[in-house]
Number of protein chains: 2
Amino acid sequence: MNDRSGTPRDAASTAVADPDAVARVWAAMCSLVLKQEDRRKEVAETLGMSFFRAKALRRLLPGPLTMRELTARLATEKPYTTLVVDDLERRGFVERSVHPDDRRCKIVTLTTAGVAAAEQAERILARPPRSLLDLAPEDLAALDRIMAELRSPRG
Amino acid sequence: MNDRSGTPRDAASTAVADPDAVARVWAAMCSLVLKQEDRRKEVAETLGMSFFRAKALRRLLPGPLTMRELTARLATEKPYTTLVVDDLERRGFVERSVHPDDRRCKIVTLTTAGVAAAEQAERILARPPRSLLDLAPEDLAALDRIMAELRSPRG
DNA sequence: AATAATGGTTATATGTCTATAACTGATGGT
DNA sequence: ACCATCAGTTATAGACATATAACCATTATT
């Protein structure tokens with residue numbers, strides 16, 4: 001059947017995307033990304049901690065955060081952040097210090113070991129699948145451009 | 001600096017991919033897919049079950065499976081499959097029956113409610129992000145082609 | 001100064017999944 | 001018939017994360 005009767009040929013610039021193509025693309029993208037979700041397991045095993053803890057370290061990579069901020073970035077609850085930071089501190093990956101301007105706040109900072117662990121986690125997660133590396137240069141360039149487009153939709 | 005000194009112009013077809021571009025593309029792809037990982041939560045909340053259970057239903061959508069097969073597809077252990085199927089059966093989403101040729105095996109089949117739930121889960125997960133829908137038709141077509149390429153790398 | 005609000009901790013209960021061991025019933029090879 | 005194997009179940013222990021309530025110290029409000 002393939003009923004394409006309603007295809008409007010006038011609205012070229014604002015054409016509605018082909019739903020089938022969008023679905024195909026989205027499914028393929030999800031499949032590719034989620035297929036090696038065992039990367040999470042690899043991170044956990046490599047660092048000897050739960051993926052969640054590794055995530056906490058990664059969130060601290062840009063710079064120190066208060067417990068409150070870290071809680072928000074991990075999308076969890078305060079008590080669990082306390083628990084996780086306790087553990088990370090005990091293992092020497094982070095340090096707690098009191099905020100100079102507000103003694104209620106604690107500032108969580110990565111130690112040298114913490115930075116190393118966080119970077120290793122990032123490295124593992126950033127490792128692209130083989131098929132991406134094998135892509136033809138012109139396809140990669142096109143993909144690069146389009147993914148940038150997807151990130152920041154043009155006006 | 002951008003040192004491209006070693007670029008071999010002879011091996012065009014087997015050119016090494018630009019590592020930066022690959023990294024960018026991969027990061028963008030992961031970001032896009034993982035950003036709405038709350039889809040999982042949406043599925044769980046909508047169906048009133050854990051995402052893992054919803055996943056079990058989805059795996060059964062193509063057709064009935066034995067416990068063993070279902071266990072393999074869920075990448076879990078037999079005892080947990082028993083538990084999950086027990087729960088899904090109690091709630092009326094699946095039914096167990098004995099395999100006609102091998103009475104050791106149980107065949108797990110979706111009920112009507114199970115099919116509906118599984119399809120709803122698929123629908124939620126298949127929903128692409130806005131930016132994909134807004135993509136220019138020619139970009140979408142290119143993306144479609146390249147993603148297909150990524151799925152089954154050419155020889 | 002009294003009170004409320006905030007950041008963090010402690011304690012506790014629960015849901016979800018992982019991992020093992022031990023068991024039952026059915027099948028298949030000898 | 002005997003024994004090994006296989007599918008599934010039961011039981012148990014534990015890791016990990018979620019969710020709440022109660023609490024303390026500090027800061028802000030009045």
Side-chain angles (χ1 to χ4, degrees), chain A residues 34 37-38 40-60 64-91 93-109 121, chain B residues 34 37-38 40-60 64-91 93-109 121:
Chain A
L34 297 180
E37 193 175 12
D38 26 307
R40 287 163 165 258
K41 197 177 292 179
E42 188 183 339
V43 167
E45 282 171 3
T46 301
L47 301 192
M49 64 180 72
S50 72
F51 183 76
F52 191 87
R53 274 145 231 244
K55 193 172 183 177
L57 294 184
R58 290 164 56 218
R59 294 291 174 272
L60 289 167
L65 297 174
T66 65
M67 293 295 285
R68 180 173 142 51
E69 292 167 331
L70 184 56
T71 299
R73 274 166 183 69
L74 292 174
T76 185
E77 306 298 323
K78 288 181 294 181
Y80 194 55
T81 305
T82 294
L83 193 107
V84 165
V85 170
D86 278 354
D87 186 40
L88 291 175
E89 191 173 26
R90 209 175 305 124
R91 302 204 210 177
F93 292 119
V94 303
E95 273 173 359
R96 263 188 265 233
S97 59
V98 180
H99 188 109
D101 299 347
D102 185 343
R103 294 194 0 221
R104 285 174 302 184
C105 298
K106 302 249 175 101
I107 299 179
V108 187
T109 312
Chain B
L34 297 179
E37 193 175 12
D38 26 310
R40 288 162 165 258
K41 198 177 292 179
E42 188 182 340
V43 166
E45 282 171 2
T46 302
L47 301 191
M49 65 180 70
S50 72
F51 183 76
F52 191 85
R53 273 145 231 244
K55 194 172 184 177
L57 294 183
R58 289 163 56 218
R59 294 291 174 271
L60 290 167
L65 297 174
T66 65
M67 293 294 285
R68 179 173 141 52
E69 293 167 330
L70 184 55
T71 299
R73 274 167 184 69
L74 291 174
T76 185
E77 306 299 323
K78 289 181 294 184
Y80 193 55
T81 305
T82 294
L83 192 108
V84 164
V85 171
D86 278 354
D87 186 39
L88 292 174
E89 191 173 27
R90 209 176 305 125
R91 301 202 208 180
F93 291 118
V94 303
E95 273 172 0
R96 262 189 266 233
S97 59
V98 179
H99 188 107
D101 300 346
D102 185 344
R103 295 199 349 227
R104 285 174 303 183
C105 300
K106 303 251 176 99
I107 299 177
V108 187
T109 313

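Naming convention: chains lettered A, B, ... in sequence-line order (proteins, then strands); numbering from 1 in each chain.
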Query - Between CZ on residue B:Arg59 and CG on residue B:Leu65, distance to nearest 0.5 Å - result: 10.0 Å
Query raised in the report: Rounded to the nearest 0.5 Å, what separation is found between the CG atom of A:Leu34 and the CZ atom of A:Arg40?
Result: 9.0 Å
Query raised in the report: Whole Å only: how far is the CG atom of A:Leu83 from the C1' atom of C:dT14?
Result: 15 Å
Query - Distance, rounded to the nearest Å, where B:Asp86 contributes CG and C:dC17 contributes P - result: 15 Å
Tell me which donor-acceptor pairs under 3.5 Å the side chains of residues 77-85 of chain B have, and how far apart each pair is, sequence neighbours excluded?
unit_1, atom_1, unit_2, atom_2, d
B:Thr81, OG1, B:Thr71, OG1, 2.8
B:Thr81, OG1, B:Glu77, O, 3.3
B:Thr82, OG1, B:Lys78, O, 3.4

Query raised in the report: Could you give the distance from CD1 (B:Ile107) to CG (B:Leu60), rounded to the nearest 0.5 Å?
Result: 11.5 Å
Requested in this report: Going 5' to 3' through nucleotides 18-30 of chain C, assign each nucleotide B (protein heavy atom under 4.0 Å from a base atom), S (under 4.0 Å only from sugar-phosphate atoms) or - (no protein heavy atom that close).
Outcome: B-BB---BBS---
**Report entry** Passing option when B:Arg53 is tested against B:Leu47, B:Val43, B:Leu88 for side-chain contact (heavy atoms from CB on, under 4.5 Å)
**Finding:** B:Leu88
Query raised in the report: Looking only at side-chain N and O atoms, does A:Thr66 come under 4.0 Å of OP1 or OP2 in C:dG7?
Result: no
Requested in this report: Nearest whole angstrom, please: distance from the C1' of D:dC24 to the NZ of A:Lys106.
Outcome: 11 Å
Query raised in the report: Rounded to the nearest Å, what distance is computed from the CZ atom of residue A:Arg90 to the P atom of nucleotide C:dT9?
Result: 12 Å
**Report entry** Interatomic distance, B:Arg40 CZ vs D:dT18 P [rounded to whole Å]
**Finding:** 13 Å
Report task. Let me know the distance between CG of B:Leu88 and P of D:dG8, rounded to the nearest Å. Result -> 16 Å
Query raised in the report: Under 4.0 Å between a side-chain N or O of A:Arg68 and OP1 or OP2 of C:dA5?
Result: no
Query raised in the report: According to a strict under-4.0 Å criterion, is A:Ser50 in side-chain N/O contact with OP1 or OP2 of D:dA17?
Result: yes
**Report entry** Length of the CG-P vector between B:Asp87 and D:dT10, whole Å
**Finding:** 14 Å
Query raised in the report: Over how many whole Å does the gap from B:Arg73 atom CZ to D:dA7 atom C1' extend?
Result: 16 Å
Query raised in the report: NZ/A:Lys106 to NE2/A:His99 distance, rounded to the nearest 0.5 angstrom?
Result: 14.0 Å
Query - Passing option when B:Val94 is tested against B:Thr109, B:Leu70, B:Leu57 for side-chain contact (heavy atoms from CB on, under 4.5 Å) - result: B:Leu57
